[in-house]
Amino acid sequence: MKNNPSFENTCSAAAGGSGSGSFNVRNLSKVILPPLGGPSGQSQSHGGSDKWVISPLDSRYRWWDTLMVVLVAYSAWVYPFEVAFMNASPKGGLEVADMVVDLFFAVDIVLTFFVAYIDPRTQLLVRDRKKITLRYLSTFFIMDVASTIPFQSLAYLITGEVRENAAYSMLGVLRLWRLRRVKQLFTRLEKDIRFSYFWIRSARLIAVTLFLVHCAGCLYYLIADRYPDREKTWIGAVNPNFRQASLRIRYISSVYWSITTMTTVGYGDLHAQNTVEMIFNIFYMLFNLGLTAYLIGNMTNLVVEGTRRTMEFRNSVRTASSFVGRNHLPPRLKQQILAYMCLKFRAESLNQQQLMDQLPKSICKSICEHLFVPVVKDVYLFKGVSREMLLSLATKMKPEYIPPKEDVIVQNEAPDDVYVVVSGEVEVVLFDGVDERVEATLGTRNIFGEVSALSDRPQAPFTFRTRTLSQLLRLKQATLKEAMQSWPDDSVIIIKNYVKHQVEMHGMKADDSLGDNTSEHDDDANVLTVAAMGNSGLLEDLLRAGKDADVGDAMGRTALHIAASKGYEDCVLVLLKHACNANIRDAQGNTAMWNAIAAGHHKIFNILYHSARASNPHAGGDVMCLATRRGDLDALRELLKLGLDVDSEDHDGATALRVAMAEGHADAARFLITNGASVDKASLDDDGSGSGAARLTMSPTELHELLQKRELVHSITITDSPPVVPDGGSSGHSRPGRLQSTGSDNTRWPRVSIYRGHPFLRNRSSEAGKLINLPATMEEFIAVVGEKLKVDTEKALIVNDEGAEVDSIDVIRDNDKLFVVTEEDLTRLAPMDSVPSS
């Protein structure tokens, strides 16, 4: 699992150079979303990165940019004022201020050659110095230089005259080129949820209006001041000596008339006095028509269509904030909610997924092949898989941007999706009930959620939480399973990759579960390893693919041996379902039944015992004799508790007591005799007759005492005869495997689970079943089913989990699952049967 340094650097820049990779709502405007299917490392130009290059997202540069916006506002406001009221020649403090401002803009021009930019076509950050320089020289450089040259000061130094150099003064209009920075600032603030969108938008409109009023007022005064006959001007008609008035009076009068003309409320004391002023008013009022339409249109858009998405986003943020405050949620959870909403808004603004949904399937397939297949093919789970299956999976994957500190899969959750990390980092967090601990970090081309998808069980007890802004490819687990069914060869490869990865992740060794020299038979090792992992879902897939269920390792242990010893009941049932032989012995002579009883897995032993007896009537005797031969009293005690007959015979016809006598295990013999073992059946002399008790050096007195002692206890047996009923008769039907306590009225019947509906039509939401004791006859069983499940059993079928009809009580085993199928179920199943198999 590798870290992604390039992505972390990007996040560090976005966080203001802190280097922590942290992210919060304030950093929304600083986030550059990586391209679909590409890690954030691709955000840099192929030309490389220079250490002198400045990121436009850096907080220090943002402060510099804000300062330049303030200076732009100052120069754009002051320049018309100087031209109109000071004859374009600033005096005193204004002159010094102009020089300082021009110096700042000159520094900014030099700095721009080192500032990275976002490519408008790819939306990626370009840090190549050569590309930055060429782009700046071909776009804004000339206008930036022209707007920085102090033309008025140069004209004054060259000619010594100001009034006669109006052409130089008009060149100063180029300073207004800098106003584009103000527009960019307002656009950025409108997307910043820390500020009210309404007030930012209103401030923008007010600033535009006041600036135009100011410029028009300055131009009005400039016309009056330059007109030959000053008494025939708008201000000269009221005050012929207006030049002697204070600067404040002249400016206020100009602004007053500018606003009067703009608002078209009519003229009173001030109005146009000469042709030049009239012509200017004509153009000014025509311009005001457009300005008025602009203001009204923007105010309308502020409420409706033009800002609908932004307003919806702001409203959703406001609603989320209100929800957090009303329910007293912790600050961390509030940050998660707002960060997710902001990131979703940014991603939707790119319209990537909407565009792909509109395109034809063939084009989308080509796009996915280009964007996602290079990523998916490097994921460990899909290595070696055919390109057709990769393309099928990639086409159905959905890219998602997830903010930092977001829980993608919660601990012990059974997720519905599998995720592939394209960019960013995902932490694997373990919560032990007190503290959270980061177990690992997943980087680019890692996958998570596959454990639940391949084993039909909840994800390992981990929480998968994004550490940084991450792009993930989401794939439905059902889609992955369907693909594995459609490509069985690739399915085996996926399972093999998964098993190998799990072995590496858990530090398992081959000889821990498989014995030695398994590398030569990887497919066989897969079956054994999956059984050792307890992954019944994968084991089912392997066996369906035709793998041998009875394959053994170098020590002769089969998958059934391993699953029984580890207590994996699901795996045992899967192996038995695929006709695994329960009577195979390993190199030490152990059967799977012995492994189960030795490990204390009683339920698994019962399952294996009933399965083994179908092909080996002496299965019980074999395991009893094996326990006796090894002198394992604990195993003998457990076997008798589970209902095995103390006098069961092995395949050689010997009982456990006979083995104990023959091999001199006195303790085992005493235990067996005490628990009802027949001394007559164990009789064995050297010549084939007489008592074999002499081999145990057991005196007749001790043997007599043991026989008397066992009369005080009840032996536990398994019998093939029908259980005795109170009236001395018989139940009328033989039930093999019926558990019974001799000397007691207590009878242990096999238990089965019954369900309504065909097994192929049931799912997780289907009605729960019932657990019942199996009656002695099929008629009684059908009656119980009708009563428990409330169904009409006259026209119903009883089937097992594979859909085979059950018509006899003798074929039903302990712990079987049976299903009641009605005519309605058969009608629903018919369309499924007509569909050809893939």
Side-chain angles (χ1 to χ4, degrees), residues 569-570 572-574 576-577 602-614 620 641-645 716-829:
E569 180 183 346
D570 292 344
V572 169
L573 292 175
V574 168
L576 293 178
K577 176 181 176 182
H602 297 165
K603 187 175 182 180
I604 293 179
F605 174 83
N606 277 331
I607 296 172
L608 292 173
Y609 174 73
H610 288 293
S611 174
R613 287 187 72 221
K641 285 181 180 179
L642 291 173
L644 266 70
D645 187 356
I716 304 175
T717 64
I718 278 191
T719 178
D720 286 341
S721 61
V724 178
V725 294
D727 61 359
S730 174
S731 63
H733 198 85
S734 176
R735 281 293 301 123
R738 189 64 50 87
L739 302 182
Q740 167 184 325
S741 296
T742 304
S744 171
D745 291 336
N746 246 351
T747 300
R748 289 183 54 204
W749 302 90
R751 300 184 304 172
V752 294
S753 301
I754 56 175
Y755 303 88
R756 184 202 300 267
H758 198 284
F760 297 166
L761 298 176
R762 290 181 56 84
N763 51 47
R764 294 182 180 178
S765 62
S766 298
E767 180 183 352
K770 302 285 186 180
L771 182 64
I772 64 172
N773 287 323
L774 185 64
T777 66
M778 194 67 180
E779 291 75 13
E780 294 177 8
F781 175 66
I782 293 176
V784 172
V785 169
E787 177 185 354
K788 295 291 185 180
L789 298 183
K790 309 298 183 185
V791 296
D792 184 8
T793 56
E794 292 184 1
K795 299 181 179 180
L797 300 177
I798 307 296
V799 301
N800 64 3
D801 55 357
E802 294 182 348
E805 182 179 358
V806 177
D807 58 1
S808 173
I809 202 74
D810 295 325
V811 299
I812 302 177
R813 300 179 300 179
D814 191 26
N815 293 319
D816 273 354
K817 294 181 179 180
L818 302 177
F819 302 83
V820 182
V821 182
T822 62
E823 291 183 351
E824 180 182 352
D825 296 327
L826 294 176
T827 303
R828 293 173 54 197
L829 187 65

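These figures come from a predicted structure and were not determined experimentally.
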Measure the [atom1]-[atom2] distance between [X] and [Y] for me, rounded to the nearest 0.5 Å.
X: K790; Y: R756; atom1: NZ; atom2: CZ; value: 10.0 Å
X: K788; Y: K770; atom1: NZ; atom2: NZ; value: 7.0 Å
X: E805; Y: I798; atom1: CD; atom2: CD1; value: 9.0 Å
X: K577; Y: D801; atom1: NZ; atom2: CG; value: 5.5 Å
X: I809; Y: T777; atom1: CD1; atom2: OG1; value: 7.0 Å
X: F605; Y: H610; atom1: CZ; atom2: NE2; value: 9.0 Å

Give the minimum heavy-atom separation between [X] and [Y], together with the two atoms involved.
X: V811; Y: D816; answer: O-OD2, 4.1 Å
X: F781; Y: L774; answer: CD1-CD1, 3.8 Å
X: M778; Y: S808; answer: SD-C, 4.0 Å
X: P759; Y: N800; answer: CG-O, 3.6 Å
X: L576; Y: S611; answer: CD2-OG, 3.4 Å

Going through the distances and angles, do I607 and L573 end up as a side chain to side chain contact (heavy atoms under 4.5 Å, CB included)?
CA-CA 8 Å; I607 296 172; L573 292 175; 3.9 Å; yes
Do [X] and [Y] come within less than 4.5 Å of each other through their side chains, counting heavy atoms only?
X: L818; Y: S753; result: no
X: L771; Y: R751; result: yes
X: V799; Y: V806; result: no
X: V572; Y: L608; result: yes

If you apply the rule side chain to side chain contact (heavy atoms under 4.5 Å, CB included), what do you find for Y755 with K817, and how did you get there?
CA-CA 8 Å; Y755 303 88; K817 294 181 179 180; 4.1 Å; yes
Checking A612 now: which residues fulfil side chain to side chain contact (heavy atoms under 4.5 Å, CB included) with it, not counting sequence neighbours?
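In terms of side chain to side chain contact (heavy atoms under 4.5 Å, CB included), with neighbours along the sequence ignored, A612 is linked to A582, N583, M593, A619.
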Those residues that, when tested against K603, pass salt bridge (charged side-chain N to carboxylate O under 4.0 Å, His left out) (two or more places apart):
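K603 satisfies salt bridge (charged side-chain N to carboxylate O under 4.0 Å, His left out) with E569 once adjacent residues are dropped.
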Step by step, would you call L797 with V820 a side chain to side chain contact (heavy atoms under 4.5 Å, CB included)?
CA-CA 6 Å; L797 300 177; V820 182; over 6 Å; no
